[in-house]
Amino acid sequence: MAKQIVITCIFLVLIAACAHKPYSSTNKQYKKQAKAFAKLLREYPLKDSVGLQYPDGWVGTTNFSMRRPNFVVIHHTAQNSCDETLKTFTLTRTQVSAHYVICRDGTVHHMLNDLLRAHHAGVSKWGNATDLNSMSIGIEIDNNGSEPFTDAQMNSLLLLLDRLKRAYNIPQANFIGHADVAPGRKVDPSRYFSWKTLAENGFGYWYDTTNVNVALNFNPVQALRIIGYNISKPEIAIESYKIHFVPQDTTKTINDADKKILWDLAKKYQ
Ligand SMILES: [Zn+2]
């Protein structure tokens, strides 16, 4: 009888432990995957995708470090809760992820080592960069896309950006949104997101058109290209520019005020 009670107790403790750690099995998967990459990094002679034939007597250099992220791409999750997003990012069939998720209460989940590649940007282009996933940190903010971001989220975001900027020496111009790098395909973070607040804190630039005189031959679409936008389809580049810099304007046309803004921004981003 005593034995049965002990077994029942152990069983209940195990159930309780599992209930408190719903991600223990996916965390194991993370470790397994990280271990496989570590093994790949330890291998020599080198085995990488280039597949060169090495002469006898392989020589490895002694001077190296890990590649570092050089951009930050900000998203909204378009989901209704952090729990929903954590679940999405731990289901292998979704194949999507981010380094960080910021919940409505300001909690920051760090889901992937900064030095590894998350799947958040997809097909993307900014300036000459075409594989943003390989060179950026992805930050997802828990927000359904049609509501304001919370103060707690913005505070957590600013602290996180400050750490990332210092740790990896990320240039001020390289803090951008998903809509910026995937115009026409993505609209996040939404018009509720304050890029002005970010710029005031040193992440991305904002404009001041007080003393701006636009040259007669000024080409606003070329200015969009200088800032970083993919202008192969100008109309959708303009849409992404408006979401970021003129959120109150839902048109897709460049007016005189935009020309002033773009003139000023092109000088800052060039
Ligand atoms: Zn996104």
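Order of appearance sets the numbers: ligands from 1, and atoms from 1 within every ligand.
Through side-chain heavy atoms spaced under 4.5 Å, either directly or across other Ile, Leu, Val, Met, Phe, Trp or Tyr residues, Y30 is tied to L112, L116.
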Please report, to 0.1 Å, the donor-acceptor pairs under 3.5 Å made by any side chain of residues 210-231, with sequence neighbours excluded.
from, atom 1, to, atom 2, distance (Å)
T210, OG1, D208, OD1, 2.3
N219, OD1, V221, N, 3.0
N219, OD1, Q222, N, 3.2
Q222, OE1, R225, NE, 2.6
Q222, OE1, R225, NH2, 3.2
Y229, OH, D180, OD1, 2.6
N230, OD1, S232, N, 3.1
N230, OD1, S232, OG, 3.1

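Residues M154 and V73 are members of one and the same hydrophobic cluster, defined by side-chain heavy-atom contacts under 4.5 angstrom among Ile, Leu, Val, Met, Phe, Trp and Tyr.
With salt bridges taken as basic N to acidic carboxylate O contacts below 4.0 Å, one links R117 and D131.
Here the side chain of D188 pairs no donor or acceptor atom with the backbone of H178 at under 3.5 angstrom.
Not a single ring-ring contact (aromatic ring centres under 6.0 Å, His included) links Y207 to another residue, sequence neighbours left out.
Only protein N, O or S atoms were scored, and 3 of them lie under 2.8 Å from the Zn ion (ligand 1).
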